[in-house]
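All remarks here apply to the structure that follows.
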Amino acid sequence: MGTREALGSERNPLRVAIVGSGPGGFYSAQALFRADIVVRIDMLDRLPTPFGLVRGGVAPDHPKIKEASLVYESIAETPEFAFFGNVTVGRDVGVEELRDTHHVVIFACGAEVDRELGIPGEDLPASHTATEFVGWYNGHPDYRERVFDLSCETAVVIGQGNVAADVARILAMPVDDLKHTDVAEHALLVLAENRLREIHVVGRRGPVQAKFTTAELRELGEIAECDPVVEEAVLALNPESQAEVDDKRGKVAAKNLGLFEGFASRPAATGRRRLHFDFLESPTELVGEGRLEGVVLARNRLRGEPFAQVSEATVESRVLPCGILFRSVGYRGVPIPGVPFDDCRGIFPHRDGRLVDGDDILPGLYAAGWIKRGPSGIIGTNKPDAGATVKGLLEDIPRMAGGARAGGEGLQELLAERGVRRVSYGDWRKIDAAEVARGKARAKPREKFTTIEEMLAVLD
Ligand code: NAP
């Protein structure tokens, strides 16, 4: 194979490594396979299991959303695709090594950790991140050992986005409604003992600025034996918020406001639980002797132009007693050795998906998904996002150093030398089948393995 063969041709296929096997990674692969070039894709993931947040983030009672993985499965069945599960980039293989074995590396490694509130008491026992809770009920190996004490009466969720909605819904819903989902068994046992009666979902801005999508908010009003609670007074809008709902950009906000109005006018509570929507309040401290006992909430007002209103603390505050709290205020990416990191935004710095170091473009390195744009949008948002990155990549091909690369075979050799146990897509299919079989006995779509050892044991 000579170096003169055009890159992206039958004799010199474009070798692409994709780091991360969630939506950003799979939509990048899809866009590449649809392009008019010959390409071989090797997708790496630190877990033995693919699909990222579709497996480990999407709530178990949202099986329709999980169906996104059907598309990913068909992409993974492409002969020019290989999965390298159980391989951590930056530990098992370096970024520079991937640049040697492949022409292109696309980072689609998501945003794996929570943003911090940066307030005193944040780390008190019984103060948790949304990531921990979501990972725990979804059987993610990193979080299976976490302990959530739901024997108290009141829980607080900080943040009013869709992750906060997931957390609040799982806390509020009757456990029987989760029994036949793929929720992790360890979580089901704990949720069965859930004694919570009051769940507060706290937003620093007003009802118009809440980030819930309408379907997710509507669901929060439809939980069995749980009454949504909204104080009528908070629905009186300032002129700027009124302008937001009157504008066509405020369509979702207007629909959400209608739902909040419906919640506020519901007859007195009848259910076992109450789900409170608290607005215009920011946590300033978590308090308690040795463990969480309450959260200090400063009263806010809004300041600024429509669509750019920010919260500003007033002198008023209150203490909301609670036994457990979840911080759900957005995610951040995690740095990988050898790749520049924008610590402020928690993303890899890039220009139109091309990674940069200061002003310099780093040839052959790209980003897609949450590590590129930050944690926003729904699963489908990653498709045009990855498409845009791949478009730039294809434009760059004529300028790439086009010599043939060892690709997946070279990577496999490196890993074998280091004793790294790579999980192939065929291996994953075996793990998948074993999980589905375990689930059958419990009338669940699957019973996930929650340790890497268990997953690998299936292959022995
Ligand atoms: P998000 O939608 O950005 O919501 C974050 C929330 O945290 C906002 O209410 C934000 O308020 C608040 N916040 C941020 N910093 C804060 C602070 N210092 N103090 C108090 N509140 C603070 O993020 P997310 O809920 O983590 O969701 C991430 C993405 O995943 C979103 O695009 C979401 O739609 C998507 N997702 C979708 C689904 C679904 O479709 N079912 C499920 C889960 C997640 P401000 O608005 O004032 O900043």
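Indexing begins at 1, ligand by ligand and atom by atom, following the structure's order. All heavy atoms count here, side chains included; hydrogens, waters and symmetry mates do not.
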Ligand-side contact atoms (ligand 1) for residue partner [X], heavy atom cut-off under 4.0 Å:
X	result
P375	28 (C), 29 (C)
L117	17 (C), 18 (N), 19 (N)
S328	6 (C), 7 (O)

If you measure every N/O of [X] against every N/O of ligand 1, is any gap under 3.5 Å?
X	answer
E216	yes
W370	no
Y331	no
K211	yes

Flag the pair [X] and [Y] as a salt bridge only when some basic side-chain nitrogen lies within less than 4.0 angstrom of an acidic carboxylate oxygen.
X	Y	value
E447	R442	yes
K66	D182	yes
E244	K251	no

[atom]: nearest protein contact (heavy atom, Å):
atom	result
atom 23 (O) of ligand 1	G330 CA, 4.3 Å
atom 18 (N) of ligand 1	R204 NH1, 3.5 Å
atom 35 (C) of ligand 1	G377 O, 3.3 Å
atom 40 (O) of ligand 1	I378 CG2, 3.6 Å
atom 4 (O) of ligand 1	G161 CA, 3.5 Å
atom 25 (O) of ligand 1	V163 N, 3.1 Å
atom 46 (O) of ligand 1	R205 NH2, 2.8 Å
atom 22 (C) of ligand 1	V329 CG1, 3.4 Å

- prompt: Between S282 and R204, is a side chain to side chain donor-acceptor pair (under 3.5 Å) present by the stated rule, with each step listed?
  reply: CA-CA 5 Å; S282 283; R204 62 179 166 181; 5.9 Å; no
[X] to ligand 1, any heavy atom closer than 4.0 Å:
X	value
G203	no
S376	yes
T213	no
I65	yes

message: For F133, run the side-chain contact (heavy atoms from CB on, under 4.5 Å) check against D166, V163, V167 and tell me which one passes.
response: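 Only match with F133 under side-chain contact (heavy atoms from CB on, under 4.5 Å): V167.
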message: Heavy atoms only, cut-off 4.0 Å: how does D166 contact ligand 1, side chain, backbone, both, or neither?
response: side chain
- prompt: Under 4.0 Å from ligand 1, counting heavy atoms only, is it the side chain of T381, its backbone, both or neither?
  reply: neither
message: Tell me if the CD atom of E231 is crowded by more than 12 foreign heavy atoms within 6.0 Å.
response: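 Check fails, neighbour count at 12 or below.
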What heavy-atom pair brings [X] and [Y] nearest, and what distance separates the two atoms?
X	Y	answer
V71	S74	O-OG, 2.9 Å
T284	A298	CG2-CB, 3.7 Å
E132	T129	OE1-N, 2.7 Å

S241 and Q309: side chain donor to acceptor below 3.5 Å: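 Per modelled atom types, S241 and Q309 side chains form a pair under 3.5 Å.
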field: Under 3.5 Å side-chain donor-acceptor pair for Y366 and D396
entry: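 Yes.
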- request: Report the C-alpha distance between Q242 and D246 in whole Å, list the side-chain angles of each, state the deciding distance to 0.1 Å, and finish with yes or no for side chain to side chain donor-acceptor pair (under 3.5 Å).
  value: CA-CA 6 Å; Q242 188 60 51; D246 291 343; 3.2 Å; yes
- request: With R249 as the cation and F307 as the aromatic partner, state whether NZ or CZ is under 6.0 Å from the six-membered ring centre and within 45° of the axis.
  value: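 Flagged: R249 positioned over aromatic ring of F307.
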- prompt: Taking the minimum heavy-atom distance to atom 42 (C) of ligand 1, which of V201, N162, L302 ranks first?
  reply: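 Among V201, N162, L302, the closest heavy atom to atom 42 (C) of ligand 1 belongs to N162.
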